[in-house]
Asks: 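Quick one: structure below, then a few questions.
In listed order, ligands and their atoms are each counted from 1. Only this structure's heavy atoms are used, side chains among them; waters, hydrogens and symmetry mates stay out.
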Amino acid sequence: MNVSEIETPAAIVDLTRLEDNIVRLQKYLDKSEISNRPHIKTHKIPEIAHMQLSQGATGITCQKLGEAEVMVQAGVRDILVPYNILGVQKLNRLIRLVRRARIGVTADSNVTISGLSAAAHEHDVSIPVMVEFDTGLKRCGVETPQLAAELAALIESSPGLQFAGLMTYPLNENTGPFVEEVRKLVEPKGIEVSCVSVGGTHCMWEAHQYREITEYRAGMYVYGDRYTLSSGAMTLEQCSFSIRSTVVSRPSRERGILDAGSKTLSSDLMGLDGHGLILEYPEAQIYALSEEHGHVEFSRCDSMPEIGEVVTILPNHCCVANNLFNEVIGVRDGQVEVVWPVQARGAVL
Ligand SMILES: Cc1ncc(COP(=O)(O)O)c(C=O)c1O
């Protein structure tokens, strides 16, 4: 089928660009002697995870147990879930996963660690646990090297757990000094920081400058989006993910309506102006979104689209847009080659 025959709105992946993006980062990390553990929260598609693994990724990252369940079912055997797993239901699900694959998790409190240890001990399994630290995002993560060192020692001494290193997001200039300080505190106690795992697509090409890091988790690099473009980490020609959308109305000369609204593009602005870049009309502005309508101002464009014309939109944030689709259509040279179910979409549990 030709791309022009695809019903809209549709999520499209340019397969050549996708493959190039996977290979480009893998080669860079190989050269920098950093392990690659891509974050699959961007695509949520087992087939893409397997492409990443077959190019040399040592494992994958999933943000949620639900994503990990889909990926283990699809045959992935090494997963980091960089999240505090709390509560009996989640701990039971984690134990079931741990019996089928190597599943690492993170913790930033003794509450998380004691829950993990009780579950691991009861079920006679061993769980690798990293300590999450904060480099400035002010999300999860301990804020001092002293606390990181204390939690590392607690993990080491907790039945059923192994201290598996340090984890943060994103990579920045605070990472190195924090890691060094933790090493100074734990190494005299015989505790080794075997892995320092960091992430972020916007800063991926800086990874080689940080000698402390051993593992990289990038997510958006497979697709790219308007945010990635604005960060300078990828070029427009490298972005593989787009939304095809039809102009369904032209209520006035300068205004058009697309069949892509917040349920297609998401309303995530990522600090940008407008809700996406229309490649055929780069001067146009998607200034508002209703659920199923994109409101576009075309006044700055030299030409304006006809009703029924199909346009290509680079969304602001590819991960959330991808999560809105049941399937993603893989195209090459203008032809549909594959249709992938987004198997882990909506897996927020
Ligand atoms: C813990 C963690 N690791 C890695 C990533 C991947 O970063 P990016 O989406 O910038 O590629 C994210 C993104 O949110 C994250 O939260």
Side-chain angles (χ1 to χ4, degrees), residues 17-18 21-22 24-26 28-29 34-45 48-49 52 57-68 71 78-85 103-108 112 128-142 148 164-172 174-175 178-179 195-207 210 213-234 238-241 266 268-272 314-323 344 347-348:
R17 292 183 182 190
L18 174 75
N21 293 342
I22 291 172
R24 190 181 312 109
L25 181 64
Q26 185 66 53
Y28 166 73
L29 292 175
I34 297 169
S35 305
N36 186 17
R37 184 179 285 281
H39 206 314
I40 64 79
K41 52 113 199 181
T42 299
H43 55 74
K44 294 169 177 268
I45 296 173
I48 300 182
Q52 293 170 309
T58 48
I60 61 167
T61 308
C62 296
Q63 205 67 23
K64 291 299 182 94
L65 287 176
E67 292 174 343
M71 294 296 158
D78 190 337
I79 299 178
L80 171 66
V81 181
Y83 215 84
N84 286 297
I85 305 297
I103 311 287
V105 294
T106 58
D108 67 357
T112 301
V129 184
M130 307 183 91
V131 173
E132 177 168 3
F133 67 102
D134 184 20
T135 44
L137 183 63
K138 301 286 175 219
R139 200 168 64 177
C140 292
V142 296
L166 299 170
M167 190 291 290
T168 194
Y169 175 83
L171 171 66
N172 63 26
N174 299 326
T175 310
F178 196 107
V179 171
C195 177
V196 177
S197 180
V198 301
T201 291
H202 61 283
C203 45
M204 62 189 172
W205 305 124
E206 293 158 27
Y210 295 83
I213 67 177
T214 65
E215 179 177 277
Y216 209 86
R217 309 178 316 276
M220 295 194 268
Y221 81 102
V222 284
Y223 282 172
D225 55 21
R226 214 166 149 233
Y227 168 74
T228 324
L229 200 60
S230 73
S231 76
M234 288 171 76
Q238 291 169 344
C239 291
S240 68
F241 183 81
S266 97
D268 216 346
L269 280 171
M270 298 292 274
L272 301 166
L314 186 69
N316 286 7
H317 190 182
C318 57
C319 310
V320 285
N322 178 90
N323 187 50
V348 292

Asks: For residues Pro82 and Met130, determine if any side-chain heavy atom of one lies less than 4.5 Å from a side-chain heavy atom of the other.
Replies: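 Side chain of Pro82 against side chain of Met130, heavy atoms only: no contact under 4.5 Å found.
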
Asks: For atom 9 (O) of ligand 1, what is the nearest protein heavy atom, given as residue, atom name and distance?
Replies: Lys41 NZ, 2.7 Å

Asks: Out of Met204, Glu132, Arg139, Gln63, who gets a non-hydrogen atom closest to atom 16 (O) of ligand 1?
Replies: Arg139

Asks: I need the nearest protein heavy-atom contact for atom 12 (C) of ligand 1: residue, atom name and distance, please.
Replies: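 Checking every protein heavy atom, the shortest distance to atom 12 (C) of ligand 1 gives Tyr169 CE1, 3.4 Å.
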
Asks: Using a 4.0 Å cutoff against the non-hydrogen atoms of Arg217, which atoms of ligand 1 qualify?
Replies: 1 (C), 2 (C), 3 (N), 4 (C), 6 (C)

Asks: Taking atom OH as the centre, does Tyr28 end up with more than 12 heavy-atom neighbours from other residues, nucleotides or ligands that are less than 6.0 angstrom away?
Replies: yes

Asks: Just by distance, do the side chain of Asp134 and the backbone of Leu137 share a donor-acceptor pair under 3.5 Å?
Replies: yes

Asks: Measure the spacing between NE2 of His43 and CZ of Phe241 and express it to the nearest 0.5 Å.
Replies: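 One finds 12.0 Å between NE2 of His43 and CZ of Phe241.
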
Asks: Show which atoms of ligand 1 fall inside a sub-4.0 Å distance from at least one heavy-atom site of His39.
Replies: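 By the 4.0 Å cutoff, the relevant atoms are 2 (C), 3 (N), 4 (C), 5 (C), 12 (C), 15 (C).
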
Asks: Do Phe178 and Val142 come within less than 4.5 Å of each other through their side chains, counting heavy atoms only?
Replies: yes

Asks: Calculate, to the nearest 0.5 Å, the distance between atoms CD1 and CG belonging to Ile213 and Leu171 respectively.
Replies: 5.0 Å

Asks: What atoms in ligand 1 come closer than 4.0 Å to a heavy atom of Ala218?
Replies: 11 (O)

Asks: To the nearest 0.1 Å, how far is atom 8 (P) of ligand 1 from its closest protein heavy atom, and which atom is that?
Replies: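 Among all protein heavy atoms, the one nearest atom 8 (P) of ligand 1 is Thr201 N, 3.5 Å.
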
Asks: Which ligand 1 atoms, with their elements, are less than 4.0 angstrom from a heavy-atom of Met220?
Replies: 9 (O), 10 (O), 11 (O)

